[in-house]
2 protein chains.
Amino acid sequence: MAGLDRYIAVLRLYSQSQSEWTVIDMAERLGVPQSTVYRTVRDLVGENFLETASEARYRLGSVFIEFDRLLRLTDPLLTAGSQVLEEVVAAVGVPCVGLLCRLYNDTVMCIADATAPGATFSSSYERGRPMPLTMGATSKAILAHLPTRRFNRVIDQWPEARTQAFRAELMAVRKSGVCVSSGEIDANVVGVAAPILSKTPGLLASLSLVLPQSIADDAMVARIAAATMAGARHIEEGLASSGGL
Amino acid sequence: MAGLDRYIAVLRLYSQSQSEWTVIDMAERLGVPQSTVYRTVRDLVGENFLETASEARYRLGSVFIEFDRLLRLTDPLLTAGSQVLEEVVAAVGVPCVGLLCRLYNDTVMCIADATAPGATFSSSYERGRPMPLTMGATSKAILAHLPTRRFNRVIDQWPEARTQAFRAELMAVRKSGVCVSSGEIDANVVGVAAPILSKTPGLLASLSLVLPQSIADDAMVARIAAATMAGARHIEEGLASSGGL
DNA sequence: TAGCTCATTCTCGCAATATGAGAAACATTG
DNA sequence: CAATGTTTCTCATATTGCGAGAATGAGCTA
C-alpha cells in the first residue's frame, strides 16, 4: 500500500462506533509497522484531517467541515437544489421530510434535507450517510436511471434485487418518472421520489418527500408525486442554466 | 513536493470563486507537469475527493459530506455542544444567532450554529468558514485563552492587534470569562461570547450569541452574557463526562 | 468514414522518497 | 528519579512516484 491509499486507509478506519484510534491499534488493524503509521498520522494531523484527542488518541479533524462548506457553496446540485427542496417542502404543506440525494459510487447519499414544521419523524437518509441503492423510493428512483451496464452490475450484487418483478418495477419507475415506496427503509413512512437527470456524467440524483403512512392516501400520494416531479424538473433547469450543462 | 502534500495542494486550489479546475490549469498553477497532475487527480477521484464535472473539469467530491457526517456524530465538542447551543438560543428568547466555534490552526471556525425564529440577519461565522482570531467576540474569547507562547506568535502576525490596549482587553476577557464586541465583524450586530475550556490539548472553543444592536442595551447584554457563560459551563461538563477528559 | 482536436492514460529510465526496525528523545506519572 | 508509554529520528534499502513524451481514446467536423 502506498501513496494516497495509506492515508485513506487510516481515515477509513473511523466510524460512528469507533471514532478514536491510537497509533498502535491502527498499525495492528492495517498490518503495517507503527513507525509508518506515526508518519502517516503526523502528515494527516498537519493537514487537519486528523487531530489529537486525549492521551495518544486521534480523531477526525475539522478540515472536513471546511471542505463541506465549500461544497455547500459551490456544488451545482446543491446550489440548484437546496432552495427548491425548501420550497417544495413548504409548498406541500404537510408534516414531511424532503431529501435531495445523489448517486455516490454504488450507494445513494443525501446531500441536503429539509424538515417541515410539525414533522415528528426523521428519515434514515441523513445528510452524508451512504444508503443502499436497491431499497427505498429515494434510491430506486436513481437506480432506475443507471446506464444498463452499470445497472446490471449493481443488481447482481444485491441478491434480493435479482427478481424479474424488481426489474419490472424499475422499468415502470423509469417510465412514469416517479417512485413510491412504503416502509422499505423506515417503518410507517411513505417515500415519494422523482429522479433528477443531467447531462453531466455520473450526476444522477433524486428529490424525494417522506411522509407518515397515516396521511398517505392515494390522493395525497398523487399530489406529493406531482410536487416532487415538478421540483425535480425545476432543479434540472437550474442545473442546465448554471452551466452544469 | 511529495506524498500527501501533492494531493492537498490540488484540493487547496478549490475555493468559492473557483470551484472547477482543469488538469491543465492545475498543472500550470502548481508548476508541475500535466502527467503528474493527471495521476494525482485520478487517485483523488478514485477516493471521491474529486469528481468529474463536465468537459475535463473537476470539482470537489462528496466524500467530504460523508466525513462531515461522521464528525457531526462523533466529535465530542459537537455532540456535547449542539444540543446546548439550541437550548441556549431558545432560552434567551430573542431573535439571535448562536454559534459554537473552535480554534482551527490560527483561525476560528464555526462548527455549529442555531438561528432563533425571527432572526432576520445571519453571522459571518458560517459553519466551516475559517475566521480571523483577532476580531469579533467569538474569536477573542478564544484568543484570550491561548497559551502565552502561541498567543504572542499570533499577535505578532496581526499588526492591528499589537497594541497594549488590545492585550489589556483580552486580559479582561480572560478574567471575566466573557467577551462582548459590537460591529467588529458584521455591522449592526453585537456578539457575546464565552470560552469553552477543556483539558484536551488544542481544544479551545467558544459559545456565542449574536444579536441586533437595536435590542442590545446593557441589561440585555448582561442577561445574554449570563446565558452564554452558563451554556459554556454546561458544554464543558458534557465534554468532561463524555471521556473528553 | 476519414481526419482533426482535445483529454486521458501509458511507457520507461531515473531519482527521490517512503519504508521498516530499532534506537533515541520526550513527556507523564508514581 | 525510575519507569512507562508516546512520538520522533536514524539509516540502509528498494519501492514508488516523477517527468517528458508517445500512445490511446473519445468527440467533432467535414
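In what follows, chains are A, B, ... by sequence order, proteins preceding strands, each numbered from 1.
- Atom CG of Leu50(B) and atom C1' of dT8(C) are 15 Å apart (whole Å).
- The aromatic rings of Phe64(A) and Phe49(A) stand perpendicular to each other, their planes meeting at an angle above 60°, with 30° marking the opposite boundary.
- One interatomic measurement links the two molecules: CG of Leu4(B) to P of dT19(C), which rounds to 11 Å at whole-angstrom precision.
- Salt-bridge formation is detected for the pair Asp68(B)/Arg72(B): a Lys NZ or Arg NE/NH1/NH2 atom is positioned less than 4.0 Å from an Asp or Glu carboxylate oxygen.
- Side-chain atoms of Val32(B) lie closest to dG19(D) of the nucleotides dT6(D), dT8(C), dG19(D).
- Taking atom CD of residue Gln34(B) and atom P of nucleotide dG19(D), one finds them 12 Å apart after rounding to whole Å.
- Counting heavy atoms from C-beta outward, Thr36(A) and Met26(A) have side chains that stay 4.5 Å or more apart.
- Rounded to the nearest 0.5 angstrom, Phe166(A) CZ and Thr134(A) OG1 are separated by 5.5 Å.
- Within a 6.0 Å sphere centred on CZ of Arg29(B), heavy atoms belonging to other residues, nucleotides or ligands number 12 at most.
- Between the OH atom of Tyr7(B) and the C1' atom of dT17(C) there is a distance of 13 Å, rounded to whole Å.
- Nucleotide dA18(C) holds its C1' atom 13 Å from the CG atom of Asp5(B), rounded to whole Å.
- Put simply, CZ on Arg6(A) is 12 Å from C1' on dT15(D), counting in whole angstrom units.
- Following rounding to the nearest Å, Glu28(B) (CD) and dA7(C) (P) show an atom-to-atom distance of 13 Å.
- For residues 35-48 of chain B, proximity to DNA chain C is found at Ser35(B), Tyr38(B), Arg42(B), defined as any non-hydrogen atom under 4.0 angstrom from a strand atom.
- By the 4.5 Å heavy-atom criterion applied to side chains, Ser124(B) and Arg129(B) are counted as neighbours.
- Spacing between atom CG of Leu30(A) and atom C1' of dG20(C) amounts to 15 Å, rounded to whole angstrom units.
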